[in-house]
Amino acid sequence: MVREPWAPASASKIRSCRISCGRDEAVRDKVSPGSPDISFLLRMSEKICQSVEQLAVTMLQAHIVARESSSRAQPDYHWASGRGNFPDYAVSQNVAPFNLSRSLAWSWHHPEGRFATLTYGTAIDEDGNIYLSAADGMRKFDTNGVLQWAYISLPAEVMNAPALYKGRVYGSSTTGHVFCLDMQTGQEVWKTRVSEAIGQDNGFNMVHNGVALAACDWRLPSSYGPANQKLKALNASTGEEMWTFEPDTPVWNFLPLFVEGGSFMFQDMTGKVYNLWLDTGHLVWKAGGREGTWTDGGIALGPNGLVYAVNKNHPVPMAPANPYSPEPMVLVSEYSPGTLSAYNTSDGHLMWKVTTPRPPNNAPAVGKVLNLPGTSVVMPLCQQVHIGAFCDVQVHDAETGGLRWTFHGPAQTGLYQAADAEGFATRLAHGVRGMCLPNGWSAPTIDAAGTVFVGNEEGKFFALRDLDGDGVVSGQDEVAFYDTHAAFAGSSSPAVAPGMVAVASCDSLFVFK
């Protein structure tokens with residue numbers, strides 16, 4: 001992991017101080033007893049040396065204690081962001097129900113009909129309350145599905161997953177605003193406009209150590225029509241802008257993840273990974289990527305000091321002026337290959353990479369998967385909005401990239417993904433965009449039992465596990481599902497709490513217990 005910059009310096013001060021004190025003793029042996037000035041300086045030097053050494057030791061001890069307490073501390077919220085909790089993103093400490101067809105506790109859609117809005121990301125607080133982002137705003141439900149409050153944002157749309165931090169919930173809107181709400185009341189605490197527009201993609205608002213991050217400045221040019229050109233950091237308490245960073249290539253489905261030591265990482269649409277200091281926005285390193293390509297995938301962090309990124313291997317053959325046009329977007333083959341890469345978080349060194357047989361068009365998840373040793377990388381693969389294209393989920397060894405198991409998922413049966421065409425006119429009539437046009441899969445989540453949860457563009461929400469270890473996930477003991485009848489946005493990521501999993505399709509919220 002990235003180290004705090006003072007930690008190695010403290011150790012070096014101890015070493016240099018001991019060397020200095022040793023030299024003082026050698027000098028003392030050669031100094032005449034009748035040299036009071038020299039004796040005084042030696043005594044002062046020794047005292048200073050001892051003080052510096054004690055201070056350095058104290059700093060190192062505090063650093064160790066803080067790191068240990070941080071690793072032992074339980075998260076304040078069960079699922080604090082669209083990708084869960086720092087530092088174990090996309091992995092839950094709790095077990096969710098496997099048999100989804102029998103465990104639906106409740107669901108919600110807009111009271112004027114399931115097509116009256118689009119639903120995106122979820123978060124869960126310490127009491128099991130669920131926070132849902134949607135095209136028309138943000139909502140809070142209690143654990144039994146009773147609506148607690150609604151923050152309506154229209155005509156601005158809220159397309160990113162929310163983040164919970166110190167009693168507040170954070171989001172952003174397409175009119176270029178980042179906003180902060182009181183978790184108890186839903187009242188606006190602050191709202192800051194950071195650009196003319198924020199992307200019409202499906203990213204993640206994230207907050208850590210008093211800093212709220214958002215991608216913004218949605219415009220041309222990019223490899224794939226308009227895209228977010230910049231990142232903004234805001235003071236989480238006040239909404240004041242702290243810094244701006246412009247990556248080499250715009251970002252899509254912006255997903256920043258925080259690293260121990262004070263930095264965070266993300267990838268741009270070409271798969272290039274960036275490591276920035278959270279407090280200043282200064283670049284630590286950048287690595288990888290394939291120029292001219294586009295993916296709506298994102299990064300994942302592992303407990304092994306590696307960060308995982310994805311990219312497509314070939315440039316986009318055509319870039320629509322409006323990716324959310326109702327015209328079908330058959331841009332590449334369903335077998336267009338991509339790359340899953342692992343980099344060292346400390347310096348960006350490439351540790352391994354593997355070619356994926358289908359596009360890696362969402363963020364992976366890294367954690368302990370049932371019946372597999374060590375940690376694994378769960379990688380959804382699919383070319384969305386491509387009639388007849390199949391979707392897979394692959395699981396790789398997190399240390400080597402070796403393939404461990406595969407789930408062969410559904411193929412897109414219609415011209416569009418599930419429920420996109422059916423709800424087009426109704427959505428427009430309610431003032432939101434007409435189509436979801438999401439990734440082929442939601443972002444995946446791994447629960448404490450090692451089960452993989454992920455939603456598919458054909459509407460099925462899956463629970464996956466390889467019980468017999470044959471490398472192929474199939475059969476009712478290894479595959480459970482619930483048909484939501486709608487696709488899942490890229491910012492949809494199953495949120496897990498004790499005995500519960502919540503997930504949003506493109507038009508409804510589903511809670512299983």
Side-chain angles (χ1 to χ4, degrees), residues 71 74-75 78-79 83-85 87-104 122 124 300-304 306 308 310 340 342 352 354 356 358 360 362-382 391-410 441-456 460-482 488 492-503 510-513:
S71 64
Q74 295 297 314
H78 293 307
W79 200 259
R83 291 306 275 149
N85 294 343
D88 301 316
Y89 295 106
V91 177
S92 176
Q93 299 175 6
N94 300 297
V95 176
F98 175 79
N99 195 332
L100 298 175
S101 63
R102 298 180 181 178
S103 57
L104 181 67
T122 49
I124 305 176
L301 286 170
N304 53 356
L306 299 182
Y308 302 85
V310 299
L340 170 65
W352 57 259
V354 296
T356 61
R358 302 178 191 273
N362 211 318
V366 184
K368 174 67 177 175
V369 174
L370 181 67
N371 288 338
L372 294 177
T375 54
S376 298
V377 183
V378 179
M379 186 69 251
L381 305 174
C382 191
C391 299
D392 296 335
V393 176
Q394 291 188 340
V395 173
H396 297 262
D397 187 311
E399 299 296 336
T400 67
L403 183 63
R404 290 181 151 179
W405 62 249
T406 300
F407 169 66
H408 297 294
W441 295 97
S442 75
T445 292
I446 306 170
D447 78 349
T451 300
V452 175
F453 292 87
V454 64
N456 178 262
K460 290 181 178 179
F461 177 51
F462 286 99
L464 307 173
R465 58 190 184 186
D466 185 12
L467 286 180
D468 57 17
D470 66 352
V472 178
V473 175
S474 62
Q476 62 181 7
D477 292 332
E478 297 187 334
V479 180
F481 68 87
Y482 181 89
F488 295 79
S492 174
S493 175
V496 178
M500 176 175 76
V501 58
V503 67
F510 298 88
V511 177
F512 303 85
K513 295 182 180 180

Inset, instruction - Return the set of residues passing ring-ring contact (aromatic ring centres under 6.0 Å, His included) with F453 (not counting sequence neighbours), or none when no residue passes. - result: none
Legend entry - Counterpart residues, side-chain hydrogen bond (donor to acceptor under 3.5 Å, both in side chains), relative to S493 (two or more places apart): R83, T445
Inset, instruction - Report yes if the side chains of V503 and S492 come closer than 4.5 Å at any heavy-atom pair, otherwise no. - result: yes
Inset, instruction - Can you see which heavy atom on A495 is nearest to which on W79, and at what distance? - result: CB-CD1, 3.2 Å
Inset, instruction - Let me see the working for V473 and R465 under side-chain contact (heavy atoms from CB on, under 4.5 Å), right down to the final yes or no. - result: CA-CA 6 Å; V473 175; R465 58 190 184 186; over 6 Å; no
Inset, instruction - Tell me, please, which residues at least two apart from V95 pass side-chain contact (heavy atoms from CB on, under 4.5 Å). - result: D447, A448, A449
Legend entry - Taking every non-hydrogen atom, the tightest pair across W352 and L306: NE1-CD1, 4.4 Å
Would you give me the side-chain donor-acceptor pairs under 3.5 Å for residues 362-372, sequence neighbours excluded?
residue, atom, partner, partner atom, Å
N362, ND2, W441, O, 2.8
N362, ND2, S442, O, 3.4
K368, NZ, L372, O, 2.2
N371, ND2, D466, O, 3.2
N371, ND2, L467, O, 3.1

Inset, instruction - Could you list all the side-chain hydrogen bond (donor to acceptor under 3.5 Å, both in side chains) pairs where at least one residue sits in residues 391-410, not counting sequence neighbours? - result: N304-E399, R358-D392, S376-R404, D392-H408, Q394-H396, D397-R404
Inset, instruction - Would you name the heavy atoms of F488 and N456 that are closest together and state the gap between them? - result: CD1-O, 3.2 Å
Legend entry - Pairwise distance SG(C391) to CZ(F407) - rounded to 0.5 angstrom: 10.0 Å
Inset, instruction - List the atom of V452, the atom of P444, and the distance in Å for their closest heavy-atom pair. - result: CG1-CB, 4.4 Å
Legend entry - Which residues share a ring-ring contact (aromatic ring centres under 6.0 Å, His included) with F461, sequence neighbours left out: F512
Inset, instruction - Tell me, please, which residues at least two apart from T122 pass side-chain hydrogen bond (donor to acceptor under 3.5 Å, both in side chains). - result: none
Legend entry - Flag side-chain contact, heavy atom, 4.5 Å: N94 against H78: yes
Legend entry - Closest non-hydrogen atom pair between A502 and V511, with its separation: CB-CG2, 4.0 Å
Legend entry - Those residues that, when tested against S101, pass side-chain hydrogen bond (donor to acceptor under 3.5 Å, both in side chains) (two or more places apart): N99
Legend entry - side-chain hydrogen bond (donor to acceptor under 3.5 Å, both in side chains) against K460, all qualifying residues, sequence neighbours excluded: none
Legend entry - Distance (rounded to the nearest 0.5 Å) between Y482 OH and L104 CG: 4.5 Å
Legend entry - T451 vs I446, side-chain contact (heavy atoms from CB on, under 4.5 Å): CA-CA, chis, key distance, verdict: CA-CA 6 Å; T451 300; I446 306 170; over 6 Å; no
Legend entry - Closest non-hydrogen atom pair between A96 and V496, with its separation: CB-CG1, 4.1 Å
Inset, instruction - Evaluate the criterion side-chain contact (heavy atoms from CB on, under 4.5 Å) for residue pair E478 and D468; output intermediate values, then yes/no. - result: CA-CA 9 Å; E478 297 187 334; D468 57 17; 3.1 Å; yes
